[in-house]
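To start, the structure under review is shown below, and the notes come after it.
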Amino acid sequence: MHAQPQSWQNIALSLVPYELAGNSTPWVLATRKAAFKRFESHGFPTRREEEWKYTDVSLISKRGTLAPDNIPPEASSEAKLLAWTLPSEGMHLMVFVNGHFDSGLSNIDDLPAGVQISSLADMLDEGAELPKDLFKQQHEHTVFSALNNAFVTDGAVLNITPNTVVNKPIYILLIASGHGTAIYPRMIIMAGAGARATIIEHYMGTLDAHNFTNATTQINLGDGATIEHCKLTQEGPAAAHIAGIHVQQAEGSHFTSKSFVFGGRLVRNDITVSLNEPNCTCTLDGLYLLNDKQHVDHHTRIDHIAASCTSREYYRGVLDGESRGVFNGKVIVHHGANNTDANQTNHNLLLSRQAEIDTKPQLEIFADDVKCTHGATVGQLSDESLFYLRSRGLDEVVARSMLIYGFANDIIRGVNVPYLRTRLEHLLLDRLPQGEMVKELL
Amino acid sequence: MTTTKQLDELINREYQHGFYTQLEADTIPLGLNESTVRLISAKKNEPAFMLEWRLKAYQHWLTLSEPTWPNLHYPPIDYQHAYYYSAPKSEKTGPRDLSEIDPELLRTYEKLGIPLREQQVLAGVAVDAVFDSVSVATTFKQKLSTLGIIFCPFSEAVQKHPELVQQYLGSVVPYTDNFFASLNAAVFSDGSFCYIPPGVRCPMELSTYFRINAKNTGQFERTLIIADKDSYVSYLEGCTAPMRDENQLHAAVVELIALEGARIKYATVQNWYPGDKDGKGGIYNFVTKRGDCRGDRSHISWTQVETGSAITWKYPSVILRGNGSVGEFYSVALTNHHQQADTGTKMIHIGQDTKSTVLSKGISAGYGQNTYRGLIKVLSGAENARNYTQCDSLLLGSKCGAHTFPYIEVKNPSAKVEHEASTSRIGEDQLFYCTQRGIPPEDAVSMIVSGFCKAVFQELPMEFAVEAQKLLGVSLEGGTG
Amino acid sequence: MLSIKNLHASIDGKEILRGIDLEVKAGEVHAIMGPNASGKTTLAQLLAGRALYAVTAGSVQYLGRDLLSMTPEQRACEGVFLAFQYPVEIPGISNALFLKTALNAIRKYHLLPELDAMDFLSLVRERMKRVGMDDAMLLRAVNEGFSGGEKKRNEILQLSVLQPKLAILDETDSGLDIDALKLIADGINDMRDHERAIILVTHYQRLLDYVVPDMVHVLSQGRIVKSGGADLAKNLEQHGYSWVNTDAIANQAIQNSQITQANQAP
């Protein structure tokens, strides 16, 4: 048996049946109960488990409660400000405060025909059938997805009918504030055949927030659908954030995930993609820029199940302070997935003596007609480049910042939404010593 | 797919070293308990420290369970259903020279392609042959001893140089290290011992041939090599086993110690019986090999060609303790039929300016499963540590698998670690190019595979490289080849 | 020597060759020209035995035997040589070892004694000189890191060492500067004799300035749409491939009669 910390047991199971969204609907309640059982039987993972070898989650289990807030909180003025900083034009905006949809701050009125966006809580309460299949799916990936299934409060359900093109990005802003809050959002995204959309999930925590966010995102792509999913984790410095993004791809679909982590004390992203049918492409990009005692862990898994699919993965990390970065990229080429083309790289810059990186690019191949490569590097800024910049008159601090900027921007510049790209560039420059100077030079 | 079909046909062949030598053996009762350990120690007439160490290891082993993390699948091993000691009877009197050795035994070696006499004369190789656990012939001892080099069976070293054994035994692989290392420490029957004194460059390649012969005998040999300051030694280990249906256990331990400025090159060609083409039989090879670059500027390199065994579990590693020390690992692992290999290395960077290179070539054919598992660890004090890892897999046939599990853990910002890996199958275009020039497909495959492995073969001493290349060829070819 | 009749071939169900008829006699040099994707490389590789292509109809006789039933290595041993458009790299295997293995495999097939290393080296060195290759190339891995020109030269070296009966050169002239082109042309001309046939597959006419063919065939959309003497290539150079394409159908009948005439010529 797993040694269990005491604190999570304070969740009265009775809370599950009565008070969460949709619990008057029998299948919702049954799903929640089953999921909680699954969580309970395993408990929090320990570092003895291979998937958690480098990440200690005892921080979460030591917290006061795992039970979510039941009642939507009044949006704090700070939260409102955060929402208002987003441009109101050019995007479809959904705002969640501590895991509850805030329709007042959101703007999803002018959706194109063929697109439906709803609050998950509303749908569950109504007993709507639409999200049922995906909601009921018990994700075997981590115990945290079971926990999410048990306690999910709200989220977005996005349904795009076949051949619908959503031109403006769908921006989902999730704000956390307050102490000891447990937040369980759930995104369910269904893209019909040939549909196209860009979705942004932005997790934003206030400086004083001590939240534990446990999020799950499910994305199903129909034949030939194209989805770009960007996630920006900008949680507060004390927050714990554990999330899963689980993607299923049908024939000829294209999926892109971009994960940017700037904030949070403990962050773990599990991103899984199943290439179920031929001729799919998937690209997973990521950037983590860490400082202080931040611990950020990306676990990705790409399953090449069908033949003739291509996957690309490109992660970069910059680690300063006493931060620790973990990258585990798994590519599994199943029997029969011939003509697979998979490529994976992870590059890391270590900037401090106390920082640590643990990286494990992993390939498991059961088919013979494949072309798979992976690579990982850990290093520091090149002396030669540094010297070159300094010989052109830049002082060392600026030169270093410039090189770090170049290293990290390699991922950022691939973002197609201009607002988000600009925001990421700013966040990056803010992190760099003499960032202002670098900005002027660029 | 014609290519796949051709390949599948090519890779069916029979093990060539499958014969069994009729020898009278001195065997102790089946099974393992404390008295087995005492009996082994008594048979070897060991000093008290050895018995004590073995017993501690045995007690510790009882607390451990077999590791389950490797990417290997095999039925549970019954450790009570094995003989833990088997020595050829004729050894009792002790051969003074080759003419005293059982001629049957010599013929066995000849079938294996290592005629002792020939090697002595032609190659100038000193061979310490281990036949079912006990060293039976040590050659060139005289010449080596004038240089102060000690090269002898482990049991002899225990008698003649107990102080060296006591000082270094278990100092790299402690008896607590892992399940198989503990078992080995408790029951190991013999092995090789080598000590190179300060400043001495060993003038010849030292070589040991291991071979499992008697039925149901686990082989637990233990090798200890100490290269004192500024010395150099190159050591070759070759392994073969006769064909048997039952799986035989092999749990060896090799410890290398390189003191300041010393260099050890350790090469292995492992060709234990891999089982038949249906996966029946074969050796279970669970080996712990580790080198300790204890002194500054010391250098340890492992080269291995693994073509045999049903199961291979092996991670020759280097602890880079001394400043400026260098660790290298060059590996070719081939799995055919139902063979499984989970192999790789650990490079632990502790000292400053330490450097490691890892080059791994995995070839999977038939139903073979080939896993590279590596750890590059840079501790916080290891300023300017450097690692370069390259790890390539080649797939022949549609039912095999190639897996890569590289762990990289870095705690020092001045470290540079690079890992590159690729997996591909033999190119249809390469095969066509060769056959279009008239080269038969099986030769073409063999040629492409040996080209793929060339960078590793280059690290082997000449005569071993030739043997390795041949082994690779026969491991892949069909009956026609 | 080579007799192709109504050859149809496809790849992944897509028909590439749609009825090729071609007769090549010992001592002749034929040029097969055509725009991109006309089926030139398919024809060349198919004759050498590449398994990618499925023959759906027709036959190929080589020295009176059914060529299509032979494996690639049998064809090679029987004297069919293909100089690849994109010569393949074989990492870790030296050029010398590769060529020696190939030569000895062919010698063995003909029950000739294998050449030892010394005899082989003296043979190959002499041939290398002729194609202007440096000795050092022998020790480099087959085609690995070779420039485009080096690869092509290496193909010609193999050709001259293996001495095939039927040499098919697939775009051996592409990507070469004029000096290299002349060297290669010399290599080909060296090989010309009354016992050997050569098929030059090319997009451009310029190689044909140096290696004058007996016959020129224009391949378009998987068919030979025009055949003629060396002049045909010159016409193509002036008018482009559209010139033959526009009246392709009209030419079909003429072309057939031309082939017959050509084959009847001594």
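Letters A, B, ... mirror the listed sequences (proteins, then strands); counts begin at 1.
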(message) Please check: side-chain N/O of B/Gln436 versus main-chain N/O of C/Ala83, any donor-acceptor pairing under 3.5 Å?
(response)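 Here the side-chain-to-backbone pair does not exist.
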(request) Determine yes or no for a side-chain-to-main-chain donor-acceptor pair under 3.5 angstrom, with B/Gln430 supplying the side chain and C/Glu89 the backbone. (result)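 Checked: pair present.
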(request) Heavy atoms only: give me the nearest B/Met447-C/Leu97 pair and the separation to one decimal. (result)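 In terms of heavy atoms, the two residues are closest at CE-O, 4.1 Å.
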(request) Specify the closest pair of heavy atoms between B/Gly438 and C/Ala105, including all atoms of both residues, with the distance to one decimal. (result)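 Heavy atoms only, the tightest pair is O-CB, 3.2 Å.
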Over 12 foreign heavy atoms within 6.0 Å of [atom1], [X]:
X        : atom1 : result
C/Asp12  : CG    : no
B/Lys355 : NZ    : no
C/Arg65  : CZ    : no
C/Phe120 : CZ    : yes

Nearest 0.5 Å, what's the [atom1]-[atom2] distance between [X] and [Y]?
X        : Y        : atom1 : atom2 : answer
C/Arg50  : B/Asp429 : CZ    : CG    : 5.5 Å
B/Ile439 : C/Ile106 : CD1   : CD1   : 8.5 Å
C/Ile93  : B/Cys434 : CD1   : SG    : 8.5 Å
C/Ile90  : B/Ile448 : CD1   : CD1   : 5.5 Å

(message) Need one label for C/Leu82: side chain, backbone, both or neither, based on atoms under 4.5 Å from any heavy atom in chain B.
(response)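 Both the backbone and the side chain of C/Leu82 come within 4.5 Å of chain B.
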(message) Which atoms of B/Cys453 are under 4.5 Å from chain C, going by heavy atoms: the side chain, the backbone, both sets, or neither?
(response)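 Nothing of B/Cys453, per the 4.5 Å heavy-atom cut-off to chain C.
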(request) Determine the sole option in C/Phe84, C/Tyr86, C/Phe81 for which the ring pair (Phe, Tyr, Trp, His ring centres under 6.0 Å) test with B/Tyr433 is passed. (result)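 Only one option passes, and that is C/Phe84.
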(message) Just so I understand: if I count every heavy-atom pair under 4.5 Å between each of C/Pro164, C/Ala48, C/Cys77 and chain B, which residue has the most?
(response)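 Top count of heavy-atom pairs under 4.5 Å with chain B: C/Ala48.
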(message) Using a strict threshold of under 4.0 Å (side-chain N to carboxylate O), is an ion pair present between B/Arg437 and C/Glu73?
(response)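 Between B/Arg437 and C/Glu73 there is no salt bridge, as every charged N stays at least 4.0 Å from the carboxylate O atoms.
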(request) Check whether any side-chain heavy atom of C/Arg75 lies under 4.5 Å from a side-chain heavy atom of B/Thr435, and answer yes or no. (result)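 C/Arg75 vs B/Thr435: side chains apart.
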